[in-house]
Amino acid sequence: MTYSARGVQDYISQYAPRWAGPGSEGVRGLSGSCPGCSPLELRVQRTRCRCREDRPLPPAPGAQPFPNPTQPCPVPAANPGVTMNPAVFLSLPDLRCSLLLLVTWVFTPVTTEITSLDTENIDDILNNADVALVNFYADWCRFSQMLHPIFEEASNVIKEEYPNENQVVFARVDCDQHSDIAQRYRISKYPTLKLFRNGMMMKREYRGQRSVKALADYIRQQKSDPVQELHDLAEITTLDRSKRNIIGYFEQKDSENYRVFERVANILHDDCAFLSAFGAVSKPERYSGDNIIYKPPGHSAPDMVYLGSMTNFDGTYNWIQDKCVPLVREITFENGEELTEEGLPFLILFHMKEDTESLEIFQNEVARQLISEKGTINFLHADCDKFRHPLLHIQKTPADCPVIAIDSFRHMYVFGDFRDVLIPGKLKQFVFDLHSGKLHREFHHGPDPTDIAPGQQVQDVASSPPESSFQKLAPSEYRYTLLRDRDEL
């Protein structure tokens, strides 16, 4: 009589909890040999449990009763002369514990080793990885210590789904040992989780929940196809026009043009929706060959066509990035930490969500007056209803919107009447006054001396400018070790 693996599992599930318990339990070990029986089958056939009533462990339903341990093991007819020696009793504290250890040993997954990066291997490993999640940490940081086992377990989970070593890489950098790497990637807090694609660092780092499930879901999302394929051009009429849409029309999917397009989509899919069409479906749009179209939000703005080389990654990426990442971005509670960490002051338009006219005016004036200031200040717009608290800081309410203000991360300054934004150079001067320190001086000491008419008496006017409100969205000391808080940095 033999037992299948499923039969063993059913047997254990049904009888082990009932018969095995603390007391004089034990398992009879096996010695000798039994041709035709596997070790597991032998162990099941010759197992007994000594309980208080000294009754043998009952056989599995429908199975042949277990042989008496003092009698020979039944053998196949082909080997009539072979017998089984009497078993030796091995005392164990608990049969349930033994079974648990056996199952744990059999089913424990092989753990993966987190790749440690240094100056010698970092470029080679990251350049060859489709997706790499890198943990920049310090051993003394308690948040880093808490993340280590979670990061390792998430790596184990993902490795089972993506076994190829170059599909997904979980890596780490000890920033104390490799401060040059930390400086290279501008690490300002521990732990910092950055995503890389084929060696290119993504602008957005991972800021989500630090759990195995959240990290694994994040990687699965990054591995999903960033490009939606169109099977009929009529699908374009159903696009979400509140988003920025990039559509590529290609003759073949297996082409260099599409590979470059897909690579760009992998990097910018958080900022734009990417779609593609191939062959006969795309033919009506390929009158001059493969091409890429940008459809801006709304229905009034015209489409834009990429005129550069589609095999040139840098040119394609720069053109699409310019369309996907607008000059004036919306700030939300989801991206507030990321925008704040960039360290640039905010020039913000507070407007009601349905007030698209004020937003369009602000966008046009920023592009006209302040394009040269890109890189010194962040141009943003915010929903008045969602950001009531910052409005209260400057003594405004949603009823006062639209309102323009600057948050320098020290204080907030109000522009004045929104309609003044149409005065040539007025918005530009407001930003220049921030950089020159004039706004700060006037808040503390009244009008700037250069603005006082001849003969007019100068008088200091003490004031308390509103404190920064958006600074509160910066990375929290309850989640990160911030490097600026350490004396040596």
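Model, not experiment: these values are computed from the prediction.
- Between Y137 and Y190, the gap from one ring centroid to the other reaches at least 6.0 Å.
- Remark: F432 pairs with no residue by the ring-ring contact (aromatic ring centres under 6.0 Å, His included) rule, at least two apart or across chains.
- Using a 4.0 Å cut-off between charged side-chain N and carboxylate O, K213 and E153 make no salt bridge.
- Side-chain atoms of N318 and D314 include no donor-acceptor pair closer than 3.5 Å.
- In this structure, a donor-acceptor pair under 3.5 Å is present between the side chains of D290 and N257.
- Looking at E330 and K386, no side-chain N of the basic residue comes within less than 4.0 Å of a carboxylate O on the acidic one, giving no salt bridge.
- Distance alone, capped at 3.5 Å, is enough to place a donor-acceptor pair between the N364 side chain and the E360 backbone.
- At a threshold of 4.0 Å, the pair E262-R259 does not count as salt-bridged, since none of the basic side-chain nitrogens sits closer than that to a carboxylate oxygen.
- Salt bridge annotation for E161-K159: absent, with no cationic side-chain nitrogen under 4.0 angstrom from a carboxylate oxygen.
- In this structure, the disulfide bond (SG atoms under 2.5 Å apart) partners of C384, at least two apart in sequence or on a different chain, are C401.
- Figure legend: cation-pi geometry between K396 and F350 absent, as NZ or CZ is not positioned both under 6.0 Å from the six-membered ring centre and within 45° of its axis.
- Side-chain contact annotation: S276 with Q228, donor-acceptor N/O pair under 3.5 Å absent.
- Between E338 and K203, none of the side-chain N atoms (NZ, or NE/NH1/NH2) sits under 4.0 Å from a carboxylate O, so this pair counts as no salt bridge.
- Here D383 does not pair with K353 in a salt bridge; the nearest charged N to carboxylate O distance is not below 4.0 Å.
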